[in-house]
Amino acid sequence: TGALVGATILTFSGLDPEAMSQPAGFQAIGVFFLVYLLVMLAYTFLYPAFVCDMRSYSLNNTCYGHHPFSVSLRKGDFIQWFWAAIGISFIASSAAMFIMILLIAVAGVLGSLGGEAGAGAGAVLGFVLGYLLLGLSMSFAFAFWQAKVFNAQFASLGLDNIRFKSDLKI
């Protein structure tokens with residue numbers, strides 16, 4: 001079925017599936033994945049810099065009465081925290097996938113001992129728990145990123161002679 005889906009996608013996209021199996025087709029697919037990789041790599045540098053600039057702009061152009069706020073955020077810190085969040089997400093997702101595979105394997109063994117109904121229920125349980133763990137792992141990465149940004153924002157925020165502080169723990 002995967003080959004059928006792939007051939008269907010190539011056919012509807014105007015690409016000939018037969019031509020894609022030739023060396024030139026492999027080169028085209030390689031170029032596509034290289035461009036995709038470069039776009040994702042650029043995103044990992046541009047998005048944190050954008051968030052830093054957006055927070056700086058919005059806070060530096062905000063006033064309390066006639067007193068303007070001031071903030072000085074560093075793009076390098078935002079990029080470093082974003083990469084750390086990606087690392088947290090990768091490690092947690094890998095652990096979740098391992099647990100999912102382990103649960104499905106246990107379900108398969110139990111199913112071979114107790115019948116097909118037990119294997120099906122165990123496999124479904126493995127998938128459901130695995131996807132819950134995947135969602136939880138993404139939440140950890142997001143919480144880490146948001147806490148770092150929030151702490152940095154308040155650590156450098158000022159209003160005349162007033163300084164602010166935030167110490168969110170992760």
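Worth knowing before you read on, the calculation uses all heavy atoms, side chains too, and leaves out hydrogens, waters and symmetry mates.
Residues N60 and P68 have side chains not in contact (no heavy-atom distance under 4.5 Å, counting atoms from C-beta outward). When side chains are defined from C-beta on, K75 counts as touching D53, because their heavy atoms get closer than 4.5 Å. Taking 4.5 Å as the limit, every side-chain heavy atom of R74 sits out of range of all side-chain heavy atoms of F78.
Note: I79 CD1 to C52 SG = 8.5 Å, rounded to the nearest 0.5 Å. A distance of 12.0 Å separates CD1 in I86 from CD1 in I91, rounded to the nearest 0.5 Å. Atom NE2 of H66 sits about 12.0 Å away from atom CG of D160, to the nearest 0.5 Å. In this structure, CH2 on W81 lies 4.5 Å from CG on D77, to the nearest 0.5 angstrom.
Hydrophobic clustering, with ILVMFWY side chains joined whenever heavy atoms are under 4.5 angstrom apart, keeps M40 apart from F45.
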Which atom pairs, one a donor and one an acceptor, fall under 3.5 Å between side chains of residues 127-146 and the rest of the protein, sequence neighbours left out?
unit_1	atom_1	unit_2	atom_2	d
S137	OG	S93	OG	3.4
S137	OG	L134	O	2.6
S139	OG	G135	O	3.0

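S89 places no side-chain N or O within 3.5 Å of a backbone atom of A85 that could act as its donor or acceptor partner.
Nearest approach of L59 to F69, heavy atoms of both residues: O-CB, 3.4 Å. Of all the heavy atoms in R55 and V149, the pair that sits closest is NH1-CG1, 3.5 Å.
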Quick one, L73 with V71, criterion side chain to side chain contact (heavy atoms under 4.5 Å, CB included). Give me CA distance, side-chain angles, the key distance, then yes/no. CA-CA 6 Å; L73 301 171; V71 68; 3.8 Å; yes
What's the verdict on side chain to side chain contact (heavy atoms under 4.5 Å, CB included) for F164 and I162, showing C-alpha distance, side-chain angles and the deciding distance? CA-CA 7 Å; F164 298 90; I162 302 169; 4.2 Å; yes
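Residue pairs meeting the salt bridge (Lys or Arg N to Asp or Glu O under 4.0 Å) criterion with at least one member in residues 88-100, sequence neighbours excluded, do not occur.
Between F150 and F154, the ring centre distance stays below 6.0 Å. Between Y47 and F82, the ring center distance clears the sub-6.0 Å criterion.
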